[in-house]
Amino acid sequence: MALKHAHLDFHTLNPQQRAAVEHDGAPLLVLAGAGSGKTRVITYRIARLLLDGIPGERILGVTFTNKAAKEMRERMSELAGSRARDVQLSTFQRLGLSILKEDYEVVGLRRGFAIYDTSDQTSLLREMMRRLSVADRRLDASKVLDRVLAAKRQRLEEVPIDWGDDYEFAAHELYPRYREQMRAYNAVDFDDLILGAVDVLREPSRALKWSNRFQHILVDEYQDTSPDQLELLRDLAGDGHNLSVVGDDDQSIYARRGAVADNILAFTRQFAAAKEIVLDQNYRSTNNILRAANAVIANNAVRKMKNLWSASGDGDAIEVVACPGADEEAEFVAGTIQRLVYQGQSYQDFAILYRSNNQGRLLEETLALERIPYRVVGGQSLFDRKDVRDALAYLSFINNPTDEVSLRRVINLPPRGIGPKTLQRITEYAESSRVSLWSALRRVDRIDGLETRAHASVGNFVALIEGHADGLRARTTSGLAERVQHLFDALGLREHILESDDTAKVLGRRLENFDQVLHALRRFEQQAGSSGGLESFLRNTALARDSETEEESDVSKVTLITLHSAKGLEFPCVFLVGMEEDLLPHRRAVEEASDLGEERRLCYVGITRAQQRLWLTYASRRVRYGKGEPRNPSRFLDELPEGEGVIRTAANADGDGEEAEAAADAFFERMRSQLGIDPRESSDEPTS
DNA sequence: GAATCAGCAGTTTTT
DNA sequence: CTGCTGATTC
């Protein structure tokens, strides 16, 4: 044994980690507290399996993000070299897709099926609401969608009507239609990738093939799995004796996405003879920070007991800072950063964590004013921007002409004289003739009651698309970018953006976004092993909306990030801002009394991001929606331990602000003289 | 068919 | 205060 593992340095693992790496023969649950070396355990475990002679393609590692999969692959390669190459590492959705790619016809899909993301789904529902006039009042389609998806995930036949609220009613009416439409459009949503895969595995003719495919299955972030993901794992892993899962129930913060923390709590019940290993030695934070984290999370009733501890010292006390208002809070943060940077800390050592995105704005403004470089993590990803989505919608619809959501999105873009009225007439024809919208467009000659102009417009559109379609549908990837470029040129998409009367700044942004589509295509084309043409590209982009431009130039910047997105990250210095009632236990969570526990876990996640220093700040007044309101400190602050490790202070309004400004000025003077910049030249931004 | 206006609601969101 | 939707107007 020892010889076989010569490449793995087991001495760097603690006894629990090592037990988790070496365990064999029964299902394994690793309860990995924050900062306890979870990723190390998984990568070492996979490396160990490889060195034991398990072929890489028989090992499946499942993660929640592409980023995590990528990181794991890199770290595994370091440990196990080229053997790591064949290990199957993928997200749940990608796993589902790879199953459906082989056996899609079993669940009634056709070749070229499209993957709808949330905004496609919302458009579909909106369109249905309009057409069926289900809702007399204006209802938010995305809220209806929430209910529809919840029912679908539970494989309910109907959306239950409990309280008879409008959203429930609409969801109830639309649910069967939604499923019907998705089927007609040959489209699946993210959940369908999982549910469809489960259906494939339940098909007797395919079950065996799939349950034999993987010899070992490892799952990361198990606390975030949903019931359908659990089903998929069970069907794939059989009795589960070679299933190992790693997670932390205290960091389960995605109930809204369907995650059920119960999966992790019930693991040892669901999988017979499962072994449970707790990792609670923390390698990230000081004990003062860990004590605070432990104290807060201890107030959650239902959880696996873990008490994080560290072999390192107590470190600095954590600070609870009372601020008169949100402005002062932001200034306190900026001032403190500036002061510490002046003392030798780097900007990238700092992160500012908040509950909701809109809190980021004021922080951004203040940092900009103080000339502190920052980056905002999260927010809209490239593939969510309108112009990008428009371009992709063209491609999606050409790849899958039954994809009506995409077709409707682009049919009059740029405006080509096919307005709502024309479209409605054609839709009626399509419905009465029982053909797809695209087929109807192609037979525009047979549709009565269209104006000559509209008729001609439709004809032109059809001709334009058909002129490019064959070339684009080819399954080869080479030359794809060029063909798409031709299509976009013919459509005049770029010109359309140019013609808008946006400001130069916005316009530049939009063009940049638009051009990213072609860049992404070229990258895809050049990628070794990309094949499958447009279809593959589209699925890839649908499932990979991760950070595109993460690495570049983000080095020396402060990070602004939501608590949700901060999970898995760590920073030497962390500000947890907006520690207020209605904000950190978010108002909605308190009102619905549904899950205060999840809010507390969010707080816990935030605290445990900090390695050395932690500030928890709140404001006594905050301007929300244009009105100033008094605010109360978060109840979670009361749950912090009393005494030495925690200092409670007040940021007085002008003191810190001025101090910060002075520090900023001093700093910039230094920078300028170092860089040899004349101060007068660099006054592009008003300092006021 | 496109531009403008009024009214309303406002968490988080790995895919 | 903002951003989005639907309705109204040109």
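First the proteins, then the strands, lettered A, B, ... as listed; each starts at 1.
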* To do: Cation-pi check, A:R539 to A:F113: give yes when NZ or CZ is under 6.0 Å from the six-membered ring centre and within 45° of the ring axis, no otherwise.
  =>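 Here A:R539 passes the 6.0 Å and 45° test against A:F113.
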* Asked: Mapping A:T65 and A:P415 to their closest nucleotides on DNA chain B, which lands nearer the 5' end?
  -> A:P415
* Structure fact -> Result for 5'-nearest mapping on DNA chain B, choosing between A:R453 and A:D224, is A:R453
Give me, pair by pair, the N or O atoms of the protein and of nucleotides 10-12 of chain B that are less than 3.5 Å apart, along with how far apart they are.
| from | atom 1 | to | atom 2 | distance (Å) |
| --- | --- | --- | --- | --- |
| B:dG10 | OP1 | A:K143 | NZ | 2.8 |
| B:dT11 | O4' | A:H586 | NE2 | 3.0 |
| B:dT11 | O2 | A:R355 | NH1 | 3.0 |
| B:dT11 | O2 | A:R355 | NH2 | 2.3 |
| B:dT12 | OP1 | A:N357 | N | 2.8 |
| B:dT12 | O4' | A:R355 | NH2 | 3.2 |
| B:dT12 | N1 | A:R355 | NH2 | 3.4 |
| B:dT12 | O2 | A:R355 | NH2 | 2.4 |
| B:dT12 | O2 | A:H564 | NE2 | 3.3 |
| B:dT12 | O4 | A:R256 | NE | 2.6 |
| B:dT12 | O4 | A:R256 | NH1 | 3.3 |

Distance-only donor-acceptor hits, side chain of residues 255-264 of chain A, under 3.5 Å, sequence neighbours excluded:
| from | atom 1 | to | atom 2 | distance (Å) |
| --- | --- | --- | --- | --- |
| A:R256 | NH2 | A:D146 | OD2 | 2.9 |
| A:N263 | ND2 | A:T225 | O | 3.2 |
| A:N263 | ND2 | A:T225 | OG1 | 3.0 |
| A:N263 | ND2 | A:S226 | O | 3.4 |

* Asked: Between A:R257 (CZ) and B:dT14 (P), how many Å, whole number?
  -> 7 Å
* **Spacing between A:K421 atom NZ and B:dG1 atom P, to the nearest angstrom** => 8 Å
* A:R361 vs C:dC1: side-chain N/O to OP1/OP2 distance below 4.0 Å -> no
What is the nucleic acid contact for [X], judged by heavy atoms within less than 4.0 Å: base, sugar-phosphate only, or nothing?
{"X": "A:R416", "result": "nothing"}
{"X": "A:N412", "result": "sugar-phosphate"}
{"X": "A:G568", "result": "nothing"}

Go through the structure and list residues passing side-chain hydrogen bond (donor to acceptor under 3.5 Å, both in side chains) with [X], not counting sequence neighbours.
{"X": "A:D249", "value": "A:K306"}
{"X": "A:Y374", "value": "A:E364"}
{"X": "A:S244", "value": "A:R45"}

* Side-chain donor/acceptor contact of A:R94 with base of B:dT15 under 3.5 Å -> no
* Asked: Of the nucleotides B:dA2, C:dT5, B:dT15, which one has an atom closest to the side chain of A:Q93?
  -> B:dT15
* salt bridge (Lys or Arg N to Asp or Glu O under 4.0 Å) pairs, two or more places apart, involving residues 408-423 of chain A ->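 Residue pairs passing salt bridge (Lys or Arg N to Asp or Glu O under 4.0 Å), neighbours aside: A:E127-A:R408, A:D390-A:R409, A:E404-A:R408.
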